[in-house]
Amino acid sequence: MKYVLVTGGVVSGLGKGITASSIGLILKACGLRVTSIKIDPYLNTDAGTMSPFEHGEVHVLDDGGEVDLDLGNYERFLDIKLTRDNNITTGKIYQSVIDKERKGDYLGQTVQVVPHITDAIQEWIERVASTPVDGKEGPADVCVIELGGTIGDIESIPFIEALGQFSYRVGAGNFCLIHVSLVPVLTVVGEQKTKPTQHSVKELRSLGLAANILACRSTTELDGNAKKKLSRFCHVPIENIITLYDVSNIWRVPLLLRDQKAHEAILKVLNLICDTKEPALEEWTSRADLCDLLHEPVRIAMVGKYTGVADSYLSVLKALLHASVACHRKLCVDWVPASDLEDATREENPNAYKSAWKLLKAADGILVPGGFGDRGVEGKILSAKYAREKKIPYLGICLGMQIAVIEFARSVLGLHDANSTEFDPNTQNPCVIFMPEGSKTHMGGTMRLGSRRTYFQGASSKSAKLYGNQSYIDERHRHRYEVNPDMVLRLEEAGLAFAGKDENGNRMEIIELPGHPYFVGVQFHPEFKSRPGKPSALFLGLVAAASGPGGRSFEEKYQKE
Ligand code: GLN
C-alpha cells in the first residue's frame with residue numbers, strides 16, 4: 001500500500017478536497033486502484049450533529065455513516081463506496097482510546113497523546129486503507145489521505161505527529177506529501193507572492209513533515225520566477241510544483257494536474273512509475289468540454305432553508321449538474337428561501353416575497369431538498385402546491401416528499417391542519433409521524449440511516465421506469481419521520497400514488513401524482529449515489545421533464561405572471 005497525504009496551508013477554502021479527489025482520479029486513470037480517507041480534526045464523533053450552514057452538507061454513506069462532504073467528492077470522482085471509518089475525527093480516535101482504557105487494554109500505563117492517540121491514528125489509517133471500496137477483492141494500491149484544516153491549527157497537531165511517524169514507518173517510496181497552498185497575486189504590482197507558501201512549508205517541516213509536491217492555488221499559472229523561489233526555499237524540485245489556477249468547471253482540475261504531469265511527479269515519489277500507464281481521461285475531457293459548451297438553460301428552483309450556502313446542498317447540486325449535462329442543458333439554479341414564499345413575508349418584507357415568487361414561477365422545475373426543523377416549512381408546502389396545481393416538474397427529497405404529502409392532505413383531502421408531528425405535535429391529522437424505532441433523547445446517529453431497499457409497487461410508475469424497471473432499488477436514507485401508514489389508504493383513494501415501499505410495505509418510499517408531467521417525492525436521498533456520467537434516475541427525470549418541449553424562456557414566463 002502506498003499513501004498520498006494532502007495537507008493545506010495559508011488559508012482554508014482552497015479546494016483541498018477537490019484537489020485530493022482529482023489526484024485520486026488521475027492515479028486511478030493510470031491504472032491504479034485508489035481509496036481515500038478524510039481526517040477532520042474536530043471533536044464531534046461524526047458530521048451528523050453539525051449544521052450544514054457552517055460545515056456544508058452531511059454526506060450519508062451506504063453503511064449509514066454521516067460524514068464530511070469531501071467523502072462525497074471522493075465517491076463521485078473515484079466512483080467508489082466509502083465507509084464511515086473512511087472519515088476519521090478526533091472524537092472517534094479519542095473515543096476508541098478511552099474505550100480501550102476502560103476495558104483495561106492499557107493496564108498499568110499512563111495513557112497519553114503520544115504514543116496512544118498517535119498509534120491509534122496510524123492503526124486506524126492502515127486498517128481502513130486496506131478495506132476495498134471499489135467492489136473488487138483485496139486492498140487498493142494507493143490511499144489518498146486528506147488532512148482537514150490548515151497547517152498550524154492546534155487541533156490537528158496529534159494527527160500531524162502521527163502522520164510524521166507514519167511516513168517514517170512506511171518509508172521513502174511509499175509516502176508522498178502534497179501540500180496545497182495559496183500564491184496570491186497582488187493587483188498593485190501583479191506579482192505572484194510566494195512568501196505565504198514558504199512559511200507554511202516551513203511550519204510543516206518544523207512539525208516533522210516534508211512536502212514532496214506543492215500544489216499552488218493562484219489566479220494564473222505560476223511564472224518561472226515564482227517556481228524557482230518556491231523550489232529553493234521549500235526544497236521541492238521545480239517539476240513537482242503544480243499550479244492550480246482558476247478553471248471553468250471542477251472537472252477540469254484532474255486535466256490541469258495531468259497537463260502539468262502531476263501524476264509523473266507522484267508516481268516517481270511512490271516508485272510506481274514503471275507499473276502504470278499514461279492517464280486515460282478521455283471521458284472526463286469530453287464531459288468537461290461539453291459542460292463548457294452548454295448554453296440552453298434549464299432553470300431549477302431550489303426551495304430550501306440554507307439558500308446562502310451552496311455547500312449545504314452540495315450533493316443535490318452535483319446530482320442536478322450530472323442530470324443537466326446528460327440532457328445537454330446548462331444548469332441554472334435559482335435559490336428560493338422557503339420562508340420568503342410565506343404569507344407572513346408578504347407583510348414583513350414585500351420585496352423578498354415578490355422576488356421569491358418571481359423565481360419560483362419562472363422555474364422549469366422545482367426541487368425541495370431534505371431538511372430539519374420548522375423554519376420555511378409552510379413556504380415549502382406552498383411551492384409543492386404550486387408545482388402540483390400548475391403541473392410544474394417537481395422532485396421532493398425526504399422532507400420535500402413529506403411536505404408534498406402534507407400539502408396533498410390539506411388541499412385534496414381537505415384536512416386543513418394536516419401536518420407532520422415534527423412541526424405540530426398536536427395536529428389532529430398527522431400525515432407524517434415519528435418512526436417507532438427512533439430516539440427522542442439521543443440525536444447522534446439515531447436516525448434511519450444508510451442504504452435501505454425500496455420495492456416498486458408495479459412497473460407502470462415513472463420512477464420504476466426511470467430506474468430501468470428493476471423490481472427494487474437501494475438508496476441512502478437519513479430521517480426520523482415517515483408517512484403515517486394509517487393515512488395511506490385515504491391518500492391513495494384521493495389520487496396520490498405510493499410507487500415504492502419498504503420490504504414490509506408499511507413504510508412509504510416514493511410518491512407520485514399520476515397525470516402530472518413529473519411529480520415525484522422520495523423518502524430517500526438519491527443525490528448521494530449520482531455520479532458524473534451516471535446521473536441519478538430521479539434527477540434525470542426532473543431535468544428531462546423540466547427541459548421538455550413545453551419549456552418557455554425566463555422572460556416569457558415572467559411576463560405572463
Ligand atoms: N426532518 C425530516 C425527518 O426527520 C426529514 C429529514 C430529511 O429531509 N433528511 O424525517
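Just so it is clear, the model here is predicted, and its values are computed rather than measured. When a ligand or atom number is given, it counts from 1 through the structure's own listing order.
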*Would you please indicate if the ring centroids of Y42 and H55 are separated by under 6.0 Å?*
yes
*Do you know the tightest heavy-atom contact between E75 and L61?*
OE2-CD2, 3.4 Å
*If you count only heavy atoms, which residues are under 4.0 Å from ligand 1?*
G370, G371, F372, C398, L399, Q402, E422, R478, H479, R480, Y481, H525
*asked:* Minimum heavy-atom separation for L341 and W357, please, with both atom names.
replied: O-NE1, 3.0 Å
*By side-chain hydrogen bond (donor to acceptor under 3.5 Å, both in side chains) - contacts of R102 (at least two apart)*: none
*Name all residues meeting the side-chain hydrogen bond (donor to acceptor under 3.5 Å, both in side chains) criterion together with S530; count only those two or more places apart in sequence or in a different chain, and write none if there are none.*
H322
*side-chain hydrogen bond (donor to acceptor under 3.5 Å, both in side chains) with E475: which residues, sequence neighbours excluded?*
Y467
